[in-house]
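Read through the structure below, which is laid out as structure tokens, and then see the notes.
Note that these values count all heavy atoms, side chains included, but never hydrogens, waters or copies made by symmetry.
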Amino acid sequence: MIRLLIIKEILISFPEKEEQIVWVSLEEDERNFYDNYLRVKRSSIVEKVTSQGISSQKMEILELILRLRQICCHPQLITGEYVGPSSKFERVCEDLLEVVQSGHKVILYSQFTSELKLFRKWVEEQGYKYAYLDGQTKDREQQVEAFQTEADVQIFLISLK
């Protein structure tokens, strides 16, 4: 019963969820990177599937899907050598600026801690205070409390894992 009461209290305290789907097209450099990566990896997988069967390549296929998702987030997640634009990253940064400048707080979460590190670097370059939480964070409660109580901590970067 106590758990249900606590959960009910927490749910009541949250504002209504706002969801907005924004489609972001890849810039030409990103698109070329994505297409080249897919072409090379697909060719390798097709060869292995032809010779060894599809069941032996399930993990490699799943990894390819994961890597393509990462490229769509930011090509640097695949290779730190990529220096071109990242349409999605730039769009999220624009949205973060808008939210922070309007005085609101925002939680930015990602499955990829490497992506969070890119956002962390950008937030620091902008001079904003933020809270950060991933699997390596030792002071979890302190991070949550800072975001909840400190007015100048408007951004919370969180890993889903």
Side-chain angles (χ1 to χ4, degrees), residues 10 13-46 57-161:
I10 290 172
S13 68
F14 282 122
E16 192 66 31
K17 177 175 125 178
E18 291 182 37
E19 187 171 339
Q20 179 182 11
I21 298 173
V22 177
W23 295 97
V24 178
S25 298
L26 297 176
E27 296 286 336
E28 186 177 348
D29 288 349
E30 291 173 286
R31 187 60 175 173
N32 290 338
F33 185 87
Y34 182 98
D35 290 342
N36 289 336
Y37 189 89
L38 177 58
R39 183 177 31 78
V40 168
K41 296 296 183 178
R42 181 182 357 190
S43 174
S44 171
I45 290 173
V46 167
Q57 300 308 308
K58 287 180 182 176
M59 289 306 294
E60 195 167 341
I61 292 167
L62 290 173
E63 182 179 349
L64 173 59
I65 293 168
L66 173 71
R67 299 298 174 225
L68 294 173
R69 287 181 53 230
Q70 287 178 312
I71 290 170
C72 290
C73 289
H74 199 306
Q76 280 188 2
L77 301 184
I78 299 299
T79 174
E81 298 165 10
Y82 179 86
V83 293
S86 170
S87 304
K88 185 175 179 182
F89 182 83
E90 290 172 8
R91 175 58 195 259
V92 171
C93 290
E94 289 171 15
D95 290 345
L96 280 173
L97 278 175
E98 184 178 324
V99 168
V100 169
Q101 290 172 352
S102 69
H104 292 89
K105 291 190 174 219
V106 62
I107 299 173
L108 176 70
Y109 59 92
S110 175
Q111 176 182 0
F112 308 115
T113 55
S114 52
E115 182 179 29
L116 282 183
K117 289 175 184 171
L118 292 175
F119 281 112
R120 181 185 219 170
K121 181 179 180 221
W122 180 86
V123 168
E124 289 172 351
E125 288 171 354
Q126 302 306 305
Y128 293 120
K129 288 184 71 178
Y130 63 94
Y132 184 90
L133 182 65
D134 69 14
Q136 304 300 312
T137 303
K138 303 290 185 227
D139 59 345
R140 295 174 169 287
E141 295 83 16
Q142 186 179 15
Q143 294 296 312
V144 172
E145 185 177 333
F147 181 70
Q148 290 176 333
T149 62
E150 296 178 29
D152 60 340
V153 178
Q154 294 175 270
I155 301 171
F156 201 163
L157 303 172
I158 300 178
S159 168
L160 291 178
K161 293 189 173 191

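Between Tyr130 and Tyr132, the two ring planes are perpendicular [angle over 60°; tilted spans 30° to 60°]. In this pair, Tyr128 and Trp122 present their aromatic rings tilted. The plane angle is within the 30 to 60° band.
Considering CD of Glu30 and NZ of Lys88, their distance stands at 10.5 Å, rounded to 0.5 Å. Annotation: the span from Arg31 atom CZ to Ile71 atom CD1 amounts to 10.5 Å, rounded to 0.5 Å. The CG atom of Leu157 sits 12.0 Å away from atom OG1 of Thr113, with the distance rounded to the nearest 0.5 Å. Separating the CD atom in Gln57 from the OG atom in Ser44 is a distance of 7.5 Å, to the nearest 0.5 Å. Put simply, CG on Leu116 and CG on Leu160 are 8.0 Å apart, with the number rounded to the nearest 0.5 Å.
Using a 4.5 Å heavy-atom threshold, the side chains of Val24 and Val92 count as separate. Proximity of Phe33 to Leu26: side-chain heavy atoms (C-beta onward) are nowhere separated by under 4.5 Å. The closest side-chain heavy-atom distance from Ser25 to Ser87 is not below 4.5 Å.
Within a 6.0 Å radius of CD in Glu145, other residues, nucleotides and ligands contribute 12 heavy atoms or fewer. Applying the 6.0 Å contact sphere to CD of Gln136 captures no more than 12 heavy atoms from other residues, nucleotides or ligands.
Residues Gln143 and Arg140 bring no donor and acceptor atom of their side chains to less than 3.5 Å of each other.
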I'd like a table of donor-acceptor pairs (distance under 3.5 Å, sequence neighbours excluded) in which one partner is a side-chain atom from residues 95-109, with atom names and distances.
residue, atom, partner, partner atom, Å
Asp95, OD1, Arg91, NE, 3.2
Asp95, OD2, Arg91, NE, 3.4
Ser102, OG, Glu98, O, 3.3
Ser102, OG, Val99, O, 2.8
Ser102, OG, His104, ND1, 2.8
Lys105, NZ, Phe147, O, 2.3
Lys105, NZ, Glu150, O, 2.8
Lys105, NZ, Val153, O, 2.9

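Partner of Tyr37 under the side chain to side chain contact (heavy atoms under 4.5 Å, CB included) criterion, chosen from Asn32, Thr79, Leu64: Leu64.
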